Amino acid sequence: MRVLFFGTPEFAVPSLMALLGEGFDVVGVVTRPDQPTGRHRSKASPSSVKIAALAEEIPVLQPDRPSADEFLAEVAGLAPDISAVVAYGHILPERLLSVPRLGSVNVHASLLPALRGAAPIQRAILNGFPETGVTIMQMDAGMDTGPILHQVTTPILSDETGGELSVRLAEMGAVALVEALTLMEETGLTPQPQDGAQATYAPKLTREEERIDWRSGGGAEAVARRIRAFDPTPGAWTECRGLAIKLFGARAAEGNGKPGEVLVAGELLRIACDGGSVEVSDVQPAGRARMSVKAFVNGRGVAKGDVLA
């Protein structure tokens with residue numbers, strides 16, 4: 001089977017490597033254009049998928065617009081049997097999805113129709129879901145609305161961060177993609193339509209959502225989930241002495257006080273919220289690297305009695 005692979009971040013790399021490892025003929029990789037980085041934005045930063053593809057000597061395509069006629073002609077020239085899309089970051093037009101003879105499939109990090117959209121991993125933790133998983137779906141013109149080909153379920157661990165869950169789901173998605181394409185090639189798969197009435201959504205995260213509300217009615221567990229969901233990126237933040245600070249390594253704890261009040265400042269920070277308290281192990285002050293709470297306390301960045309806002 002000739003596969004055209006679409007992907008950009010580190011999350012997509014395991015799927016690409018799994019296809020290669022199982023002997024699929026990856027005829028090309030489509031990823032975003034290199035991004036300017038550095039103080040003067042003078043350096044070009046390739047995506048994780050591009051780096052992996054070049055290491056395997058796979059042709060790389062980097063269109064500014066995947067809907068452009070020239071790009072569609074280039075894809076048609078590769079004659080793929082199927083396109084596999086994993087966290088590419090663009091909505092693909094229907095005429096591109098239909099170029100391969102078997103159409104296009106997507107690896108989505110939720111149990112569709114739950115959590116359609118851009119941030120299913122973080123929102124699964126944020127919403128307190130006991131489980132999540134990976135869906136391989138046949139793509140259509142909608143946003144994560146296509147029929148389901150294959151699903152794999154996994155529990156969300158009680159202390160799992162967004163980053164840890166992302167790594168697990170990336171590996172699960174790679175295996176699920178290989179399984180689905182193998183079945184399509186050997187025996188066929190019967191697509192199962194999604195029940196749109198059961199659909200929920202996981203829109204892109206906003207800066208305000210990432211801010212910790214110590215007065216939230218959800219209590220300590222909800223605050224701890226918010227910090228874990230956004231760990232390590234983009235990072236849940238609050239204000240300490242008037243400056244933004246990100247918090248990591250959270251768990252609910254005992255203790256009461258004014259919402260946002262620092263109850264303990266030592267090896268850990270214990271911070272009161274509306275219903276219990278939350279302990280965190282690491283912080284990242286604005287403009288600085290992530291560090292242990294102990295280092296931050298020793299540097300007099302925070303002390304018992306401070307109130308985070």
Side-chain angles (χ1 to χ4, degrees), residues 7-16 31-39 41 43-52 86-90 107-110 115-129 132 134 154 156-174 201-213 216 222-240 243-251 269 271 278-293 295-296 301 308:
T8 292
E10 189 68 31
F11 181 89
V13 172
S15 288
L16 174 60
T31 190
R32 63 155 169 77
D34 295 355
Q35 301 296 295
T37 58
R39 180 175 297 180
R41 299 181 67 80
K43 296 181 179 179
S45 174
S47 71
S48 297
V49 166
K50 179 180 179 178
I51 293 170
V86 188
Y88 175 52
H90 287 279
V107 179
H108 186 75
S110 80
L115 299 179
R116 294 173 176 173
I121 297 174
Q122 293 90 344
R123 293 196 184 278
I125 296 175
L126 191 62
N127 295 339
F129 283 17
T132 186
V134 171
T154 186
I156 298 175
L157 307 181
S158 62
D159 60 349
E160 197 161 24
T161 67
E164 291 165 344
L165 182 56
S166 180
V167 169
R168 284 209 299 122
L169 292 181
E171 297 293 342
M172 289 177 58
Y201 297 91
K204 186 177 179 180
L205 304 174
T206 67
R207 172 73 171 168
E208 194 54 37
E209 282 184 300
E210 295 153 17
R211 184 167 189 163
I212 301 164
D213 182 4
S216 169
V223 172
R225 284 200 309 269
R226 183 171 300 272
I227 296 171
R228 289 198 302 271
F230 302 145
D231 181 352
T233 183
W237 65 281
T238 185
E239 285 191 359
C240 177
L243 298 175
I245 180 173
K246 295 180 179 181
L247 305 180
F248 306 98
R251 68 178 186 87
L269 279 184
I271 306 151
V278 171
E279 288 185 343
V280 298
S281 60
D282 293 286
V283 300
Q284 184 178 6
R288 299 173 66 182
R290 180 168 169 169
M291 65 180 69
S292 68
V293 162
F296 190 52
L308 310 186

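For clarity, every value in this text was computed on a predicted model and none was experimentally measured.
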Scanning both residues in full, the closest heavy-atom pair of G301 with C240 reads O-SG, 3.5 Å

Would you check if L169 and T154 make a side-chain contact, meaning some heavy-atom pair closer than 4.5 Å? yes

Checking Q122, K246, R225 against F230 for side-chain contact (heavy atoms from CB on, under 4.5 Å), the one that qualifies is Q122

Query raised in the report: Side chains of L115 and N127: closer than 4.5 Å at any heavy-atom pair?
Result: yes

Between E164 and E160 the two heavy atoms that sit nearest each other are OE1-CA, 3.5 Å

(message) Do R251 and D159 make a side-chain contact, defined as non-hydrogen atoms from C-beta onward lying under 4.5 Å apart?
(response) no

Across all chains, not counting sequence neighbours, the side-chain hydrogen bond (donor to acceptor under 3.5 Å, both in side chains) partners of D34 are K50, Q62

All heavy atoms of P9 vs all of A87, minimum pair found to be CD-O, 2.9 Å

What one should report as the nearest heavy-atom pair of P14 and E171 is CG-OE2, 3.8 Å

- Task: Measure the shortest side-chain to side-chain distance between L247 and I271 over non-hydrogen atoms and say whether it is less than 4.5 angstrom.
- Result: yes

Rounded to the nearest 0.5 angstrom, the CD-CD1 distance for E239 and I245 is 11.0 Å

| field | Side chain S45, main chain P36, donor-acceptor under 3.5 Å | value | no

- Query: Would you say the side chain of R123 lies within less than 4.5 Å of the side chain of F129, judging by non-hydrogen atoms?
  - Reply: no

Shortest non-hydrogen pair, I212 vs R226, comes out as CA-CD, 4.4 Å

From the list S47, S48, S166, side-chain hydrogen bond (donor to acceptor under 3.5 Å, both in side chains) with E10 holds only for S48

What donor-acceptor contacts under 3.5 angstrom involve side-chain atoms of residues 282-293, with partners at least two apart or in another chain?
residue, atom, partner, partner atom, Å
Q284, NE2, R288, O, 3.0
R290, NH1, D231, OD1, 3.2
S292, OG, A295, N, 3.1

Scanning both residues in full, the closest heavy-atom pair of V134 with G173 reads CG1-CA, 3.7 Å

* Side-chain heavy atoms of I121 within contact of T132, under 4.5 Å -> no

